[in-house]
Chemist: 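Sharing a structure here in structure tokens format.
Remember, predicted model here, so these are calculated numbers, not experimental data.
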Amino acid sequence: MPHYTPPLRDMQFVMHELLDAAGVLKTLPRHAEVNRELMDQVMEEGGKFCAEELLPINLVGDVEGCKLSADGVVTTPKGFKQAYAKFVEGGWPGLACADTWGGQGLPHVMQTTMQEMMNATNQAWTMYPGLTHGAYAAIAHHGSDTLKARYLPMLVSGRWLGTMCLTEPHCGTDLGMLRSRAEPQADGSFRLTGTKIFISAGEHDLTENIIHLVLARLPDAPAGVKGISLFLVPKFIPNADNSLGPRNGIKCTRLENKMGIHGSATCEMTIEGAAGWMVGEPNRGLAAMFVMMNAARLGVGMQSLGLMEMAYQNSVAYARDRIQSRSLTGPKAPDKPADPIIVHPDVRRMLLTQRAYTEGCRALAYWVSLMIDEYENHPDADERKRIEAMVALLTPIVKAFLTDAGFECTSLGMQVFGGHGYIRENGMEQLVRDARINMIYEGTNTIQSLDLLGRKVLQNNGATLKAFGKLVYDLIEKEGTREDMAEFINPLADLGQKLEKLTTEIGMKAFGNQDEAGAAAVPYLRVVGHLVLSYLWARMARIALDKQNSGDDFYKAKLITARFYFAKLQPETASLIRVARSGAAPIMAMEEALF
């Protein structure tokens with residue numbers, strides 16, 4: 001079975017040395033009392049729970065999967081229900097929820113650290129409580145006082161779990177095509193009818209009730225996305241005292257037989273006259289659901305970050321232990337019949353690729369999460385608006401760049417193991433299978449790329465991208481005179497200039513032909529992702545340079561990893577820029593009949 005050690009040293013480095021999270025939180029009245037000691041304690045205790053409770057049932061969940069009975073009841077794999085009970089007992093469901101509803105009121109960035117470790121040890125299990133955070137946010141932002149009072153305490157306590165029901169058999173991302181209907185009732189409720197597919201945790205045995213957030217159309221709704229409303233549809237309609245009332249008309253009628261995340265119930269949900277209550281305004285459901293969707297997109301990024309860390313740790317352990325062939329420069333373990341494979345250059349390339357992406361993506365994810373705390377709680381309205389725009393710019397990058405990197409890193413992990421990586425009991429092939437879905441759901445990575453280029457960059461004439469560019473420029477100005485920073489600052493500055501030119505070029509071409517943006521979007525997002533990682537790696541390299549003589553090998557390793565990133569990974573931007581510049585013609589020239 002794979003092993004896992006919570007990467008607390010690097011998590012603390014990012015939180016305290018790179019981001020000064022405690023210092024930032026002190027400027028926010030809601031979190032002013034959160035200090036470094038509390039943050040470290042939460043990370044340590046969270047790591048223990050994940051390693052001791054979630055990891056042992058990960059392989060079991062993959063082998064057993066979920067089971068659906070004839071009457072629509074889903075049974076989760078062995079140990080899942082017991083682990084969830086301990087999760088609730090520990091108070092983890094309400095970690096970052098407001099104390100108004102019974103939560104602990106800690107910052108989102110602390111929830112993010114917990115999400116990473118949960119996903120590293122058991123992504124499938126983590127999906128059950130994972131979507132509840134989005135449901136909580138949607139109800140908290142858009143629900144009526146009555147809905148908040150009834151449902152939020154139960155979600156925060158973990159007694160009930162939440163889902164989001166968007167996709168239908170005939171439409172995926174194009175939600176404007178959905179057909180589910182909602183008929184208004186005299187008592188202010190609605191009766192919903194329709195079919196939803198690919199609903200994660202749509203049915204399970206972890207909690208007594210499940211709260212579904214469902215997109216549907218009112219009878220007089222306009223066509224397209226402007227005619228979608230959001231409804232809260234419980235599995236059981238609760239009584240006034242939150243005891244379970246009658247079974248509602250929403251039921252799991254199929255479990256998908258999936259490539260990975262077998263322990264997560266992916267359901268077809270049939271809705272037949274189910275009672276529901278509107279969340280937000282009529283025909284404005286997509287805006288309300290976006291709160292949940294954005295939370296889910298960041299959460300999917302954390303899924304891949306966790307899998308990257310898991311793949312890296314086990315790859316390193318295997319490469320140190322597995323002996324095969326001799327080093328090209330002479331035996332390194334002369335007392336053994338062969339050398340450990342970690343001596344071979346290409347094995348080291350794979351390990352360092354995993355490490356560089358994992359540590360860079362961790363810095364990005366925690367930074368964005370900390371900014372969410374700022375834009376939700378900063379006392380200055382203009383500052384909140386500025387930070388919110390930055391989070392909006394970076395959200396598709398967190399989702400797409402991290403999940404692309406997650407699949408690459410888990411695949412490299414399997415390659416390090418060689419044939420043993422292809423064997424189930426070693427756990428590496430499960431990581432690859434689990435990682436693959438992250439590039440697809442919550443908006444495919446192509447959708448994230450179109451969102452970044454079309455909505456977040458071109459639609460506001462690059463204003464938010466320029467704001468990020470100002471951060472890059474300020475770092476270049478501050479550190480550019482240091483000779484020991486040249487190997488990091490020079491490629492960062494060069495990439496920033498090239499991205500600025502590329503953005504202008506794509507914008508001009510797309511003005512005449514929108515297919516130009518569609519053709520360039522995916523490589524464009526990866527270029528922007530590398531600019532963001534380059535910025536963060538340059539900052540981390542400066543810290544490591546200043547502390548490289550401290551006697552702590554952590555900083556030595558950090559500096560080596562930074563150099564590897566700039567020498568071996570960031571240069572792929574040159575080919576990506578060339579691909580993005582090549583335009584739509586090579587893609588669109590082929591007539592459909594010729595495919």
Side-chain angles (χ1 to χ4, degrees), residues 1-5 7 50-51 54-65 116-127 257-264 300-325 338-362 400-441 445 561 564-565 568-569 572:
M1 184 180 79
H3 77 277
Y4 177 75
T5 301
C50 295
L54 300 187
L55 182 61
I57 59 174
N58 185 40
L59 186 58
V60 173
D62 184 59
V63 173
E64 288 188 8
E116 178 194 334
M117 294 185 287
M118 289 165 63
N119 282 300
T121 49
N122 200 324
Q123 176 174 326
W125 182 94
T126 301
M127 292 179 71
N257 185 12
K258 309 186 298 292
M259 172 180 171
I261 52 171
H262 293 157
S264 173
V300 173
M302 298 313 299
Q303 290 178 338
S304 285
L305 176 58
L307 297 182
M308 280 189 263
E309 177 65 38
M310 190 68 173
Y312 172 68
Q313 288 191 23
N314 287 274
S315 297
V316 170
Y318 185 82
R320 285 173 174 160
D321 184 64
R322 172 71 170 177
I323 60 171
Q324 186 168 307
S325 304
D339 289 328
I341 62 172
I342 200 168
V343 307
H344 303 309
D346 197 59
V347 172
R348 287 175 170 248
R349 175 192 64 81
M350 291 188 282
L351 296 176
L352 282 166
T353 297
Q354 291 175 294
R355 183 178 183 126
Y357 277 138
T358 301
E359 294 182 3
C361 289
R362 177 176 293 122
F401 195 95
L402 266 65
T403 58
D404 281 347
F407 186 62
E408 179 178 354
C409 290
T410 54
S411 181
L412 288 174
M414 191 166 76
Q415 189 73 15
V416 169
F417 272 69
H420 294 283
Y422 209 63
I423 304 303
R424 171 171 279 181
E425 66 190 40
N426 293 315
M428 301 308 290
E429 59 87 33
Q430 181 191 347
L431 296 180
V432 176
R433 289 186 286 105
D434 287 356
R436 189 59 186 87
I437 186 57
N438 298 341
M439 302 160 72
I440 299 173
Y441 59 13
N445 286 0
T561 309
F564 175 86
Y565 170 77
K568 297 293 187 179
L569 301 182
E572 79 161 333

Chemist: Would you say Met310 and Leu55 make side-chain contact, with heavy atoms under 4.5 Å?
Modeler: yes
Chemist: I want to check something: taking the side chain as every heavy atom from C-beta on, are Asp62 and Arg433 in contact at a cut-off of under 4.5 Å?
Modeler: yes
Chemist: Report yes if the side chains of Glu309 and Tyr4 come closer than 4.5 Å at any heavy-atom pair, otherwise no.
Modeler: yes
Chemist: Does the side-chain contact (heavy atoms from CB on, under 4.5 Å) test come out yes or no for Ile437 and Met259, once each step is laid out?
Modeler: CA-CA 8 Å; Ile437 186 57; Met259 172 180 171; over 6 Å; no
Chemist: Answer yes or no: are there more than 12 heavy-atom neighbours, outside Arg349 itself, under 6.0 Å from its atom CZ?
Modeler: yes
Chemist: Take atom CG in Asp346; do more than 12 heavy atoms of anything else shown fall under 6.0 Å from it?
Modeler: yes
Chemist: Considering only heavy atoms from C-beta outward, does the side chain of Tyr318 approach that of Ile341 to under 4.5 Å?
Modeler: yes
Chemist: Using only atom types and a distance under 3.5 Å, with no angle test, would you say the side chain of Asn314 pairs donor to acceptor with the backbone of His3?
Modeler: yes
Chemist: Set out, in order, the CA-CA distance, both residues' side-chain angles and the distance that settles side-chain contact (heavy atoms from CB on, under 4.5 Å) for Arg362 and Met308, then state yes or no.
Modeler: CA-CA 10 Å; Arg362 177 176 293 122; Met308 280 189 263; over 6 Å; no
Chemist: Look up atom CG in Asn438 and atom CG in Leu402, then write down how far apart they are to the nearest 0.5 Å.
Modeler: 10.0 Å
Chemist: Sort and list the pairs that fulfil side chain to side chain donor-acceptor pair (under 3.5 Å) and have at least one residue in residues 401-411, not counting sequence neighbours.
Modeler: Thr403-Asn445, Asp404-Asn445
Chemist: Is it true that a side-chain atom of Lys258 and a backbone atom of Ser264 form a donor plus acceptor pair closer than 3.5 Å?
Modeler: yes
Chemist: Do the rings of Tyr565 and Tyr357 sit parallel, tilted or perpendicular, given the 30° and 60° boundaries?
Modeler: perpendicular
Chemist: Report yes if the side chains of Met117 and Leu54 come closer than 4.5 Å at any heavy-atom pair, otherwise no.
Modeler: no
Chemist: Side chains of Met127 and Gln303, heavy atoms from C-beta outward: is any pair under 4.5 Å?
Modeler: yes
Chemist: Do Arg348 side-chain atoms and Ile342 backbone N/O form a donor-acceptor pair below 3.5 Å?
Modeler: yes
Chemist: Would you say Glu572 has more than 12 foreign heavy atoms packed within less than 6.0 Å of its CD?
Modeler: yes
